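Worksheet: the structure to be examined is printed underneath.
Please read all numbers here as calculations on a predicted model, not as lab measurements.
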Amino acid sequence: MKRVSVAMACVLLAGWGAQDAGGQLPDGSGQAVPATATAPLQASASGVAGLPPVPDARQVLSLISDVDGDGALSYPIVNGATINHWHAHAFQSQQTRYYTGFAWLSPSVYGSAQAHYPEPGQQAVLAQATFVLTPGAEPAWRWEGSELDIGAFGGYGRGNRVDTARQVQSWPMPDGDLLLVVPALYDDSGITQRTLELLHFSGSLPQGGDDRRWRHLGTLDAGSDNSASCGEANPRIACRDVTGQLRFVGEAGQTLPVIWLVFPENAGKAPMHAVQYRFDPQTRQYRRR
């Protein structure tokens with residue numbers, strides 16, 4: 001990526017709420033879990049209030065793939081792969097404002113493999129293009145750079161689709177880094193599975209090797225809804241619709257927070273429980289504990 005200086009302390013353009021130091025939430029063993037969370041980004045489709053319009057999705061896809069999709073938000077690129085617009089996020093790192101567009105790329109296919117359906121374990125690759133707001137310049141949003149591979153997610157050769165019914169949340173860090181949590185969905189045998197996609201923004205530009213500006217830190221299971229295959233559709237299956245509530249917990253000496261997913265009671269049939277995830281620096285992924 002192109003080198004530019006980056007300030008510290010990320011701040012969402014819409015600001016974020018103070019951490020909630022109240023409420024104690026029990027996990028399965030009765031352990032108290034502090035509930036902390038940040039407020040989600042609020043941005044319009046064309047940009048952020050009071051700022052120039054952000055780059056559109058077509059520009060993001062073209063800069064990532066170097067292929068013009070003629071206005072499409074999903075189109076073939078090379079070797080049988082497609083690029084697909086996924087999500088966008090605007091934020092501020094002290095005096096510098098950023099806008100990032102994300103896309104997922106389906107796996108490349110060759111020859112006779114094009115006639116076969118993708119396997120369940122075949123993931124899509126996440127990519128990104130980041131822009132920096134430059135006051136007085138034209139265009140106002142300057143392209144900083146793109147990354148073609150910031151991690152893999154999804155299945156059957158597709159990325160998990162963004163769930164607009166749940167809120168995007170984030171955890172800003174003193175060194176300028178940002179943990180972005182994007183809610184997503186995928187369908188599996190009549191059940192809609194809910195996930196959380198974890199994305200880490202580095203406040204320092206990559207210095208080579210395996211460094212990334214953005215990196216996918218894992219997919220968390222966050223509930224499910226089987227309403228399409230229960231009740232009147234299938235009286236033998238009980239209906240269940242559960243969504244885990246995200247909680248961040250900061251720890252002394254650790255930059256990235258501990259993540260708790262708290263699952264509510266299921267109409268009195270199952271007790272509330274919570275699942276803890278911690279960042280593993282060896283795999284650079286969040287792992288369940």
For atom [atom1] of [X], is the number of surrounding heavy atoms from other residues, nucleotides or ligands below 6.0 Å larger than 12?
{"X": "N79", "atom1": "CG", "value": "yes"}
{"X": "D66", "atom1": "CG", "value": "no"}
{"X": "Y75", "atom1": "OH", "value": "yes"}
{"X": "R287", "atom1": "CZ", "value": "yes"}

Side-chain heavy atoms under 4.5 angstrom apart, residues restricted to Ile, Leu, Val, Met, Phe, Trp, Tyr: same cluster for [X] and [Y]?
{"X": "V275", "Y": "I259", "result": "yes"}
{"X": "I77", "Y": "L148", "result": "yes"}
{"X": "L126", "Y": "L73", "result": "no"}
{"X": "V242", "Y": "I191", "result": "no"}
{"X": "V60", "Y": "V67", "result": "yes"}

I'd like to check [X] versus [Y] (side-chain heavy atoms, cut-off strictly below 4.5 Å). Are they in contact?
{"X": "N226", "Y": "C239", "value": "yes"}
{"X": "R213", "Y": "Y98", "value": "yes"}
{"X": "L217", "Y": "L256", "value": "yes"}
{"X": "L179", "Y": "L199", "value": "no"}
{"X": "W86", "Y": "F153", "value": "yes"}
{"X": "V168", "Y": "L180", "value": "yes"}
{"X": "T219", "Y": "Q285", "value": "no"}

- Message: Before you tell me yes or no, could you show the steps for T134 and W141 under side chain to side chain contact (heavy atoms under 4.5 Å, CB included), namely the whole-Å CA-CA distance, both residues' side-chain angles and the distance that decides it to 0.1 Å?
- Response: CA-CA 6 Å; T134 308; W141 291 95; over 6 Å; no
Looking only at side-chain N and O atoms, does [Y] offer a donor or acceptor that is under 3.5 Å from a partner on [X]?
{"X": "S202", "Y": "W214", "answer": "no"}
{"X": "T130", "Y": "Q128", "answer": "yes"}
{"X": "E197", "Y": "T195", "answer": "yes"}

Salt-bridge criterion met for [X] and [Y] (N-O under 4.0 Å):
{"X": "R158", "Y": "D187", "value": "no"}
{"X": "E147", "Y": "R215", "value": "no"}
{"X": "D210", "Y": "R212", "value": "yes"}

- Task: Any chance you could lay out the side-chain hydrogen bond (donor to acceptor under 3.5 Å, both in side chains) test for T82 and S106, step after step, and finish with the verdict?
- Result: CA-CA 5 Å; T82 63; S106 67; 3.1 Å; yes
Atom [atom1] in [X], atom [atom2] in [Y]: separation rounded to 0.5 Å?
{"X": "S74", "Y": "N84", "atom1": "OG", "atom2": "CG", "result": "3.5 Å"}
{"X": "D175", "Y": "T255", "atom1": "CG", "atom2": "OG1", "result": "5.0 Å"}
{"X": "L246", "Y": "W171", "atom1": "CG", "atom2": "CH2", "result": "10.5 Å"}
{"X": "D177", "Y": "H200", "atom1": "CG", "atom2": "NE2", "result": "3.5 Å"}

- With D68 via side-chain contact (heavy atoms from CB on, under 4.5 Å) - residues at least two apart: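 D68 satisfies side-chain contact (heavy atoms from CB on, under 4.5 Å) with no residue once adjacent residues are dropped.
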- Message: What verdict does the side chain to side chain contact (heavy atoms under 4.5 Å, CB included) test give for L261 and F263, after you've listed the backbone C-alpha separation in whole Å, the side-chain angles of each residue and the deciding distance to 0.1 Å?
- Response: CA-CA 6 Å; L261 279 178; F263 294 87; 3.8 Å; yes
- Query: Going through the distances and angles, do D280 and T283 end up as a side-chain hydrogen bond (donor to acceptor under 3.5 Å, both in side chains)?
  - Reply: CA-CA 6 Å; D280 178 2; T283 62; 3.2 Å; yes
- Message: Please evaluate residues H85 and R58 with respect to the criterion side chain to side chain contact (heavy atoms under 4.5 Å, CB included), reporting the C-alpha separation (whole Å), side-chain torsions for both, the decisive distance (0.1 Å), and the verdict.
- Response: CA-CA 8 Å; H85 186 260; R58 294 167 296 181; over 6 Å; no
- Query: Do F91 and F201 have ring centres separated by under 6.0 Å?
  - Reply: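 Yes, the ring of F91 comes within the 6.0 Å limit of the ring of F201, centre to centre.
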- Query: How about Y186 and Y156: are their ring centres within less than 6.0 Å of each other?
  - Reply: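 No - the distance between ring centres of Y186 and Y156 does not fall below the 6.0 Å cut-off.
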- Item | Evaluation steps, side-chain hydrogen bond (donor to acceptor under 3.5 Å, both in side chains), between Q276 and R289 | CA-CA 6 Å; Q276 182 191 108; R289 295 300 177 89; 5.5 Å; no
